[in-house]
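Chain identifiers are assigned alphabetically (A, B, ...) following the order of the sequence lines, protein sequences preceding nucleic acid strands; residue numbering begins at 1 within each chain. FYI, side chains are in, hydrogens and waters are out, and symmetry mates aren't considered; it's all heavy atoms of this structure.
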Protein chains: 2
Amino acid sequence: MRKPELKFAIIATDSVIFTILNEKLKILLVPVNIPPYFHDMQGLPGGLIAPDETAEDSVFRHIRNKTGLDIGYIEQLSTFSAINRDPRGRVVSVAYTACLSEEQATKSILKDGAVWVDVRSLPKLAYDHNEIVNKALENLRAKIWHTKFVQSLLPSKFTLHEIQSVFDVILGVGSDKRNFRTKVFNLDILKKVPGKKMKGAHRPAELYSFKASKVL
Amino acid sequence: MRKPELKFAIIATDSVIFTILNEKLKILLVPVNIPPYFHDMQGLPGGLIAPDETAEDSVFRHIRNKTGLDIGYIEQLSTFSAINRDPRGRVVSVAYTACLSEEQATKSILKDGAVWVDVRSLPKLAYDHNEIVNKALENLRAKIWHTKFVQSLLPSKFTLHEIQSVFDVILGVGSDKRNFRTKVFNLDILKKVPGKKMKGAHRPAELYSFKASKVL
DNA sequence: GCAAAAGTGTTGCCGGTACACCCATGC
DNA sequence: GCATGGGTGTACCGGCAACACTTTTGC
């Protein structure tokens, strides 16, 4: 099945890059065309780790190449080492999760056919990338209250409605406005900042930002 | 600093193997002697991943070689890829956590100078192994209530005192007997099994075992 | 009968959830 | 003045922590 020409395993990284566009959770996918194994499929952005870079460096480099962006916050997800996960040979992949704000995602200049795809309607992906995405989603949902993922998904200033919407979209449930606010205020992670945000003919919303390094 | 003869990174695994001996949390360490880099030091058991095995396979194999035991349950911890973590060349390591019962640990036939060392009095270890152990400890403490680690640390039948002792030793705090029992009973993960355990001139203790696959 | 570990319930607090109304703005 | 989203408080429930006495056994 796999070609024996590679004597040792090669190390790569794959990135699950989340953003929220139009209240939908999306990830970045790139075309995969590797005859005779994969025809017109999609997969996660990623690539080999260069000899003089760490896995994190590699992730930053590959994301920059696909989006033109410098991502600020990534988190290691897991390492995938199934023997036949890459039909071309033995490739072990260290998977990472990253998040972008809608603003960053829309201003990024996608290259090589990269596209944002709704996680609710993912196609069958190349390699074991569906498995990686599923694990990334589980991990995101489990840790959303205890990591900086939310901060990466939001602009520097945001309304309470916006931050609540991030939680609701990721967790896939609608939450109560008053309870949500009580909870985040008790966590003491937000500070009110000057200015208000108008959106249509309504009462303007207060703006908030994250207190420096409160959430781990 | 590092030798350039290796053109690509090599993949290895390292294992943090916990057990509890005499109410002390211990890990397995092996001697490391690699002049001119490491003289009479200790480090985690581990080794390269063979081309035809997964990372998990590699962990099982290396543990078997050091202890003569077949470990049942392991869990991936994290992957360490700092460029100079191994002074001999570029080695990326996938770290795993495993746990053994006291019975398994004492009956295991340690080879190559492997020893059990109290985590409270660890020496400076070779490579970045102190960092790996610290992360493994954090992870163990954070997930102790939600993983099979506790099951791996206990024999198949045990008393309530014994399981509480496992939690207390790992978390480093004494807990209330009645509250602890209320909590585990509410979790519905234990079943009473026939027989009692005597230990000195006292009232005998009931024996319990885990219900099949309740804890994830 | 005494030393030593096993076993057993109640109370207060806190975090989570359910739930409804007034406020500020543009038109 | 009305339509639209912004903002606020209370009541119930369940999990968690503090706390002391009786039971069973070997000697």
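- The separation between B/Glu162 atom CD and C/dG7 atom P is 11 Å, rounded to whole Å.
- Distance, A/Leu171 CG to C/dT17 P: 11 Å, rounded to whole Å.
- Here B/Glu75 pairs with B/Lys143 in a salt bridge; the nearest charged N to carboxylate O distance falls below 4.0 Å.
- In this structure, NE2 of B/His202 is placed 8 Å from P of C/dA4, rounded to the nearest angstrom.
- Under the 4.0 Å criterion applied to side-chain N and carboxylate O atoms, A/Asp128 and A/Arg85 are assigned as salt-bridge partners.
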- Item | Under 4.0 Å protein heavy-atom contact, by nucleotide of nucleotides 8-14 of chain D - B base, S sugar-phosphate only | BB-----
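- One interatomic measurement links the two molecules: CZ of A/Arg203 to C1' of C/dA24, which rounds to 5 Å at whole-angstrom precision.
- Distance B/Ile163 CD1 to C/dA5 P: 20 Å, rounded to the nearest Å.
- For the pair B/Trp145/B/Leu187, a side-chain contact is recorded, criterion being any heavy-atom separation below 4.5 Å from C-beta on.
- Between B/Leu207 and B/Ala201, it is B/Ala201 whose nearest contact on DNA chain C lies nearer the 5' terminus.
- Rounded to whole Å, the distance from CE on B/Met198 to P on C/dG7 is 12 Å.
- Side-chain atoms of A/Gln164 come within 3.5 Å of backbone atoms of A/Ser175 as a donor-acceptor pair (strictly under, hydrogens ignored).
- Of all nucleotides listed (D/dT25, D/dG6, C/dG7), D/dT25 comes nearest to the side chain of B/Pro204.
- Between A/Phe158 and A/Phe210, the ring planes are tilted. Angles from 30° to 60° get that label.
- Whole-Å rounding puts the A/His161 NE2 to C/dC23 C1' distance at 17 Å.
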- Decide yes or no on side-chain hydrogen bond (donor to acceptor under 3.5 Å, both in side chains) for B/Thr13 and B/Ser58, but give the supporting numbers first. CA-CA 7 Å; B/Thr13 56; B/Ser58 168; 3.0 Å; yes
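- Ring orientation note: the planes of B/Phe185 and B/Tyr208 are tilted relative to one another, at an angle of 30° to 60°.
- With rounding to whole Å, B/Glu206 atom CD is found 11 Å from D/dT24 atom P.
- The structure places CD of A/Glu206 at 4.5 Å from NZ of A/Lys192, a figure rounded to the nearest 0.5 Å.
- In DNA chain C, runs of at least 3 stacked Watson-Crick or G-U pairs (N1-N3 plus N6-O4 or O6-N4, or N1-O2 plus O6-N3, all under 3.5 Å) give these stems: C:1-27 with D:1-27.
- The closest donor-acceptor contact from the side chain of B/Asn130 to the backbone of B/Pro123 lies under 3.5 Å.
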